[in-house]
Amino acid sequence: MTNPVSRPIVSGMDVCDVGGDKVGSVAVVHRFDPLPDPAAAGAPEEILEVKTGLLGLGKHLYVPLSAVQEVLTESVFLARPKEEFESLGYYEKPAHLS
């Protein structure tokens, strides 16, 4: 299986749901230093912060990088439809980012 995040994700890239509908643009990719023991439990997942709305003035999404389906030159595609984002908790800022 190939890694869907094989290209760099940078601020300003379009973010689309699985159906290709644009949901926003990349604000920040929250990455964490690797732990000395990669098998350690409780390691925070890397998060893609997405700004939504007109001019990015809407709510922010906090999407785990594991939910990225594909990264193209100027776009990031998520593996789920935007209708599921609320039930998946993407609108809630993770505690480790506070």
Side-chain angles (χ1 to χ4, degrees):
M1 184 171 150
T2 60
N3 181 1
V5 188
S6 58
R7 295 177 187 236
I9 299 175
V10 296
S11 294
M13 292 176 81
D14 288 343
V15 178
C16 302
D17 73 351
V18 70
D21 293 328
K22 182 178 175 183
V23 294
S25 60
V26 175
V28 180
V29 180
H30 298 278
R31 298 193 184 270
F32 302 97
D33 292 330
L35 298 174
D37 178 8
E45 186 164 9
E46 296 180 324
I47 300 290
L48 179 65
E49 186 173 341
V50 180
K51 44 187 181 175
T52 66
L54 186 62
L55 302 173
L57 299 175
K59 294 181 178 183
H60 281 220
L61 298 172
Y62 300 91
V63 182
L65 282 184
S66 61
V68 172
Q69 178 176 313
E70 185 175 18
V71 180
L72 302 178
T73 306
E74 297 180 11
S75 302
V76 177
F77 288 85
L78 305 178
R80 305 302 281 267
K82 62 185 174 187
E83 293 79 19
E84 293 181 14
F85 291 175
E86 188 163 352
S87 66
L88 293 167
Y90 291 174
Y91 288 102
E92 298 172 26
K93 186 174 186 174
H96 64 274
L97 297 182
S98 298

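These figures come from a predicted structure and were not determined experimentally. Excluded from the calculations below are hydrogen atoms, water molecules and symmetry mates; all remaining heavy atoms, backbone and side chain alike, are included.
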Specify the closest pair of heavy atoms between [X] and [Y], including all atoms of both residues, with the distance to one decimal.
| X | Y | answer |
| --- | --- | --- |
| S11 | A27 | OG-O, 2.8 Å |
| M13 | V76 | CE-CG2, 4.1 Å |
| Q69 | A79 | OE1-CA, 3.5 Å |

Could you list the donor-acceptor pairs under 3.5 angstrom formed between side-chain atoms of residues 47-56 and any protein atom two or more places apart in sequence or on another chain?
residue	atom	partner	partner atom	Å
E49	OE1	H30	NE2	2.7
E49	OE2	H60	ND1	2.7
T52	OG1	K59	N	3.2
T52	OG1	K59	O	2.4

All N/O donor-acceptor pairs, side-chain side in residues 19-26, below 3.5 Å, sequence neighbours left out:
residue	atom	partner	partner atom	Å
K22	NZ	D14	OD1	3.1

Side-chain heavy atoms under 4.5 angstrom apart, residues restricted to Ile, Leu, Val, Met, Phe, Trp, Tyr: same cluster for [X] and [Y]?
| X | Y | answer |
| --- | --- | --- |
| V63 | I9 | yes |
| L65 | Y91 | yes |
| V28 | L57 | no |

| Set of salt bridge (Lys or Arg N to Asp or Glu O under 4.0 Å) partners for E84, sequence neighbours left out | R80
| task | Identify, with sequence neighbours excluded, every residue that meets side chain to side chain donor-acceptor pair (under 3.5 Å) alongside S87. | result | none
| Tracing side-chain links under 4.5 Å among I, L, V, M, F, W and Y, which residues wind up in one group with L72? | F77
| By ring-ring contact (aromatic ring centres under 6.0 Å, His included), which residues pair with Y90, not counting sequence neighbours? | F85
| query | Once you round to the nearest 0.5 Å, how far does CZ of R7 lie from OG1 of T73? | reply | 4.0 Å
| Passes side chain to side chain contact (heavy atoms under 4.5 Å, CB included), V15 versus L61? Steps please. | CA-CA 10 Å; V15 178; L61 298 172; 5.9 Å; no
